[in-house]
Engineer: 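First the structure, which I've put down as structure tokens, then a few questions once you've had a look.
A quick note: this is a predicted structure, and the numbers were derived from the prediction, not measured. As a basis for the values below, the full set of heavy atoms in this structure was taken, side chains included, without hydrogen atoms, waters or symmetry mates. Positions are given from 1 along the sequence.
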Amino acid sequence: MANLQINAPVFVPSTALNHDFGDTPVGRLGNSEVRQVPSGPKRLFQAMRTAVKSLSSRIARQMKTGEARNNAEFKHSLKQTSTAAGKLLVALTKTGNQPLDLDKVDDRIQNMLNSMIPLENLGTDINKVVETRLDLHLGKLELDQLMSLRESIHEAKASDLKNDKNTFYILHHLSEAVDRAATHLLKKDCQEMLSAELTHALESPQHEAGKPGIAERCFSVLLTKSEELLKKHSLSSDDPAVMKQRKHDLVASFMDQQIVSRGGHDQNNYVGQMGSFLKLLPTKTLETLRHSGAIGGLSGDRVMSLAQGVLGNRHEESEDHIQNNAEHLLKRGLDAMEDPEGPVHSASNFANAIICLADNLKTLTHVCEVSHMNPSRGILETGAKAVNHVKNIFKDSGMNLTDLSHSQLLRLNEACRQLGIEEPRGSIGYEISTRQDLLTAQFDRQIQSLAQTMAQGSTQDILSAVVKTQQLQENLLDQFRALGEPIDDPIKGMNFRSEMMTHAMNLLSVEDAQLLHGKLVHFEMRSLADGLDDAGQRMIKSKESSKEDIARGLNMMTASKNLGLLSQASKERLLQAEVSIPPLSEGRVDGQKSLSQSSRTAIREVFKVELTGDEGMTVVGGKAPPKTQQSVIDGLNAPSPPDSTGKTQDGRGSGVASSFWRDLGRAEFEIESEDGTLTNMLPMNLFKVADESGKDELRLAASRMILDLCDGDQSMAFFITEHAHQGLLAGLVDNLNTADSPVKLPDGTPGMPYGEATPKYTFSKSKNGDIQVQVTYNIHTPQVFTNKGMNNPVMLDPTSYANFTYEVTLTQDRQVLLSKPVEMDFQMIPQ
């Protein structure tokens with residue numbers, strides 16, 4: 001019998017599988033941590049259906065059923081399936097300790113299975129129906145609801161329900177759908193919580209020129225954030241080792257996800273940037289990333305590969321460096337006096353070769369241990385030969401240690417210890433001790449000077465001397481750290497400061513110690529210390545404080561602490577000498593409230609902070625706020641005025657911009673030579689009395705000086721004069737006329753002082769040909785203070801003033817940059 005072939009049309013439904021019927025289940029579900037995703041059957045109804053329709057009956061039905069009827073049936077069945085899926089999720093919802101109703105779950109699963117029979121009869125892929133409808137429902141749930149469903153599904157799969165293929169099939173699909181929804185939320189949360197941190201991590205090491213520890217600290221922040229995410233998504237562990245790996249897994253997975261999200265050339269750049277970041281991470285971190293596993297539906301294959309590559313490169317590079325360092329050292333003659341590159345005549349280079357050899361041997365050993373690699377054949381023997389050769393050199397001659405920096409000296413000592421080179425370590429230790437003694441003596445002299453100032457000077461002199469002392473101490477502490485003192489810990493650092501103070505105080509005579517302590521326990525000094533601490537704390541806590549303000553506040557608090565340390569150290573000195581201690585003078589100290597006018601003046605002059613009343617505070621000097629800096633930058637990059645044609649007003653063609661030409665005579669212009677000599681470009685005394693022709697001659701002379709500064713480059717000269725005039729002040733003046741003005745009255749009102757102003761522009765040339773312009777803008781004896789919202793301007797005392805300085809660089813490639821920030825100093829005194 002011949003085969004019968006019937007070409008029936010393929011049914012394409014008009015309703016999408018993910019059509020939202022609005023029947024998503026609602027309600028809060030519980031929390032849990034269970035995950036189980038077994039495989040399910042490929043076909044839904046093969047075991048369930050009691051009768052199978054013949055091919056001929058299907059064809060007959062398709063021929064009888066019109067497209068409209070099929071679409072209506074499809075949509076109705078899809079909606080029934082969606083409703084059944086929603087009811088199933090509700091049945092799986094548990095409230096509190098309420099047990100799961102397995103009979104209801106089974107009933108809802110059977111309803112869902114029955115509702116899909118018409119869909120399969122229409123030729124629909126049932127797997128896609130189940131996945132799509134469940135994804136639609138679960139995509140609208142919160143994470144805690146998904147976690148509760150995961151627990152209920154696990155309970156249902158562990159029950160007798162698993163014995164029915166089709167029931168277990170639905171539970172399997174549901175389990176996978178919950179995991180997909182949770183993974184989607186995990187990706188979303190990762191993007192929100194880790195994206196900014198990853199960007200910072202990738203950029204910071206570049207900005208910091210790869211400083212040791214910067215990348216590691218950035219990566220540590222990523223791990224901290226990942227721990228929060230793991231706990232939120234019930235993926236954490238009580239086992240520290242497991243938790244550590246999971247944090248690395250999640251970070252690697254997210255980094256991988258970010259790579260995937262970028263396409264084309266941008267992806268290649270991003271991978272390169274990420275590889276540069278990984279190069280700065282410790283070997284152990286790279287090894288952990290190299291074995292990162294999938295977590296929460298995310299994987300980190302690309303990052304694992306990058307980490308593997310970095311480890312391999314680190315292994316190869318360390319071997320190359322060992323070879324180079326060893327070859328350099330093996331070339332050195334045993335008679336160091338005869339070798340120009342040996343330890344006597346080139347101590348720094350010789351020391352660096354030893355340090356690098358030790359560092360790279362340590363790196364190679366560590367990489368091999370952690371990553372289970374092996375060093376190349378012979379490389380360790382080469383290093384050992386170099387070490388033995390260095391030992392022989394040191395036996396026959398010494399080393400010029402005075403040419404080494406503090407850090408080199410310390411690192412050389414550690415390198416020799418690591419390599420087993422004992423000969424120079426005694427002399428290195430002696431050199432370190434000698435340098436520490438010199439640092440201590442330097443501080444001792446400063447304390448003696450401070451004691452004299454405190455005995456004889458004014459409050460301002462005393463505060464200036466205290467700040468100078470603390471600046472010196474900070475510098476000395478940095479040097480002590482470089483020489484190996486373990487004072488990075490804040491407590492150890494404070495103890496070390498105290499020891500330095502005590503040592504210096506013990507060198508004072510008893511009489512000087514008495515005078516010093518007597519001054520420190522006086523009400524003026526006690527109130528100064530308390531007021532500094534009070535004002536400094538409020539400054540660092542203020543939401544309006546910039547980074548510079550916070551640093552200023554910390555310096556004020558440090559000065560307060562140093563006054564306290566001085567008082568304690570001088571007291572201990574007197575107790576040790578068994579002499580009488582000057583009593584506290586009368587008066588109750590109460591923070592800023594108890595400050596005398598002389599103390600307020602001292603704080604103003606030293607810290608550039610004006611304290612008014614009990615809590616009033618205005619920064620009156622130092623680096624201007626960020627908004628002022630930005631306003632100046634915006635002004636520099638504003639379009640040039642349309643009349644900057646390069647022609648002078650009289651058409652004589654000086655080669656400079658007309659705006660510069662017009663400003664000559666309105667401001668001071670000078671040129672600074674390489675040796676610091678200043679030349680006035682336009683003598684104002686002559687310019688003021690000259691006629692128009694004479695003024696033009698003076699302007700032309702100034703223009704030629706600009707051309708000479710540019711080595712005859714007329715294009716560069718025009719570019720400079722197109723910008724170097726009052727336009728450099730535009731951004732600053734704009735800022736002073738806003739509520740963000742850094743100039744303020746004692747009550748904190750911001751605004752602009754008006755009065756006689758003297759702009760000055762000082763030109764100099766850098767070695768690369770760029771032109772620097774030092775901008776100075778001084779407002780002398782301003783008479784009026786106002787702002788846009790002030791109805792009645794404030795009249796100012798003649799002693800008021802406002803001074804601003806900053807530097808602008810005009811580059812060879814025609815950029816205008818703010819190369820040194822705006823510094824300010826003002827005093828506004830209302831009449």
Side-chain angles (χ1 to χ4, degrees), residues 212 283 314-370 373-442 476 478-487:
T283 298
R314 187 167 293 178
H315 183 280
E316 184 178 342
E317 288 172 0
S318 60
E319 289 195 345
D320 289 342
H321 291 317
I322 290 169
Q323 186 68 38
N324 293 335
N325 298 143
E327 288 176 359
H328 175 79
L329 291 169
L330 288 169
K331 289 178 182 178
R332 306 281 62 81
L334 292 178
D335 189 347
M337 294 301 297
E338 298 296 325
D339 187 354
E341 295 186 49
V344 174
H345 300 294
S346 185
S348 181
N349 290 336
F350 188 79
N352 283 340
I354 296 174
I355 292 168
C356 289
L357 178 63
D359 286 347
N360 285 291
L361 280 169
K362 183 177 180 181
T363 298
L364 178 62
T365 301
H366 187 52
V367 170
C368 289
E369 286 178 353
V370 170
M373 300 180 186
N374 293 314
S376 299
R377 186 177 181 181
I379 192 66
L380 297 181
E381 288 81 355
T382 301
K385 286 180 182 179
V387 170
N388 288 329
H389 186 65
V390 170
K391 287 180 179 180
N392 291 329
I393 291 176
F394 280 130
K395 285 179 182 178
D396 294 346
S397 61
M399 186 172 187
N400 182 15
L401 299 175
T402 57
D403 286 350
L404 304 184
S405 68
H406 293 341
S407 59
Q408 272 183 310
L409 194 63
L410 189 67
R411 291 180 66 200
L412 177 61
N413 191 50
E414 174 59 24
C416 288
R417 184 200 64 76
Q418 181 184 329
L419 297 174
I421 304 173
E422 294 297 332
E423 285 78 8
R425 293 189 65 200
S427 54
I428 292 174
Y430 178 77
E431 179 68 19
I432 290 174
S433 178
T434 300
R435 294 187 186 190
Q436 289 178 332
D437 289 343
L438 290 173
L439 296 176
T440 301
Q442 192 177 353
L476 296 181
D478 287 341
Q479 295 188 63
F480 273 112
R481 287 188 189 95
L483 288 169
E485 284 290 342
I487 51 177

Engineer: Which residues satisfy the side chain to side chain contact (heavy atoms under 4.5 Å, CB included) test with T283, sequence neighbours excluded?
Structural biologist: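 Applying side chain to side chain contact (heavy atoms under 4.5 Å, CB included) to T283 gives L311, R314, H366, V367, V370.
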Engineer: Between E319 and N360, is there a side-chain heavy-atom distance shorter than 4.5 Å?
Structural biologist: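 Answer no - side chains too far apart.
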Engineer: To the nearest 0.5 Å, tell me how far I322 CD1 sits from I379 CD1.
Structural biologist: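 Answer for the CD1-CD1 pair, I322 versus I379, is 5.5 Å.
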Engineer: Atom CG in L364, atom CD in E369: separation rounded to 0.5 Å?
Structural biologist: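 Answer rounded to 0.5 Å: 10.0 Å.
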Engineer: So, for D403 and A347, which heavy atoms are closest and what is the spacing to 0.1 Å?
Structural biologist: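 So the two residues come closest at CB-CB, 4.4 Å.
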Engineer: What I'd like to find out is whether the side chain of P424 reaches to under 4.5 Å of the side chain of M399, using heavy atoms alone.
Structural biologist: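 The answer is no, as the side chains (C-beta and beyond) never meet within the 4.5 Å cut-off.
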Engineer: Applying side chain to side chain contact (heavy atoms under 4.5 Å, CB included), run through V390 and L357 and close with a yes or a no.
Structural biologist: CA-CA 11 Å; V390 170; L357 178 63; 6.0 Å; no
Engineer: Using atom types as modelled and distance alone, determine if a side-chain donor or acceptor of H315 lies under 3.5 Å from a backbone N or O of N374.
Structural biologist: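 Pair found, side chain donor or acceptor close to backbone of N374.
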Engineer: Please enumerate all residues that pass side chain to side chain donor-acceptor pair (under 3.5 Å) together with S427, with sequence neighbours excluded.
Structural biologist: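 For S427, no residue satisfies side chain to side chain donor-acceptor pair (under 3.5 Å) once neighbours in sequence are set aside.
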Engineer: On a heavy-atom basis, which atom in L483 and which in I432 lie closest, and how many Å separate them?
Structural biologist: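 Closest approach of L483 to I432: O-CG2, 3.8 Å.
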Engineer: Which residue pairs pass the salt bridge (charged side-chain N to carboxylate O under 4.0 Å, His left out) test when at least one of the two sits in residues 374-395, sequence neighbours left out?
Structural biologist: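 Checked against salt bridge (charged side-chain N to carboxylate O under 4.0 Å, His left out) - neighbours excluded - no pair reaches residues 374-395.
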Engineer: Please name the pair of heavy atoms, one in F350 and one in P343, separated by the smallest distance, quoted to 0.1 Å.
Structural biologist: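 Of all heavy-atom pairs spanning F350 and P343, the closest is CD2-CB, 3.6 Å.
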Engineer: If I take atom CG from residue L439 and atom NE2 from residue H406, how far apart are they, to the nearest 0.5 angstrom?
Structural biologist: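 With rounding to 0.5 Å, CG (L439) is 5.0 Å from NE2 (H406).
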Engineer: When you measure from the side chain of N324 to the backbone N and O of D320, does any donor-acceptor pair fall under 3.5 Å?
Structural biologist: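 A pair under 3.5 Å: yes.
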Engineer: Test side chain to side chain contact (heavy atoms under 4.5 Å, CB included) on H321 and C356; report intermediate values, then the result.
Structural biologist: CA-CA 8 Å; H321 291 317; C356 289; over 6 Å; no
Engineer: Go through the steps for L419 and L361 under the test side chain to side chain contact (heavy atoms under 4.5 Å, CB included), then give the verdict.
Structural biologist: CA-CA 9 Å; L419 297 174; L361 280 169; 3.7 Å; yes
Engineer: Looking at OG of S433 and CG of L438, how far apart are the two atoms once the value is rounded to the nearest 0.5 Å?
Structural biologist: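 So the gap between those two atoms works out to 9.5 Å.
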Engineer: Check for a donor-acceptor pair, side chain of T440 on one end and backbone N or O of Q436 on the other, with a separation under 3.5 Å.
Structural biologist: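 It does hold such a pair.
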Engineer: Quick one: does any side-chain atom of E485 pair with a main-chain N or O of F480 as donor and acceptor, under 3.5 Å?
Structural biologist: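 It does not hold such a pair.
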Engineer: Could you list the residues that satisfy salt bridge (charged side-chain N to carboxylate O under 4.0 Å, His left out) with E431, not counting sequence neighbours?
Structural biologist: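 With sequence neighbours excluded, E431 shows a salt bridge (charged side-chain N to carboxylate O under 4.0 Å, His left out) to R435, given in chain and number order.
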Engineer: Rounded to the nearest 0.5 Å, what's the gap from CG on N325 to CD1 on I355? Could you check?
Structural biologist: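 Answer for the CG-CD1 pair, N325 versus I355, is 10.5 Å.
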Engineer: Between L409 and L401, is there a side-chain heavy-atom distance shorter than 4.5 Å?
Structural biologist: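 A side-chain contact under 4.5 Å exists here.
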Engineer: Hey, are the side chains of H389 and I393 touching, using non-hydrogen atoms and a 4.5 Å cut-off?
Structural biologist: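 Yes; the side chains approach each other to less than 4.5 Å.
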Engineer: Say you draw a straight line from CE of M337 to NE2 of H345; how long is it, rounded to the nearest 0.5 Å?
Structural biologist: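 So the CE of M337 and the NE2 of H345 are separated by 4.5 Å.
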Engineer: Among all residues two or more places apart in sequence or in another chain, which pass the salt bridge (charged side-chain N to carboxylate O under 4.0 Å, His left out) test with D359?
Structural biologist: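 R411.
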Engineer: Ignoring hydrogens, what is the shortest heavy-atom contact between A482 and L410? Give both atom names and the distance.
Structural biologist: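 Shortest heavy-atom contact: O-CD2, 3.3 Å.
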Engineer: Work out which heavy atom in P375 is nearest to a heavy atom in L380; give both atom names and the distance.
Structural biologist: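 Nearest pair, atom of P375 first, then L380: CG-CD1, 3.9 Å.
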Engineer: Considering only residues two or more places apart or on different chains, which pairs with a residue in residues 326-343 satisfy salt bridge (charged side-chain N to carboxylate O under 4.0 Å, His left out)?
Structural biologist: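 Salt bridge (charged side-chain N to carboxylate O under 4.0 Å, His left out) check on residues 326-343 returns R332-D339.
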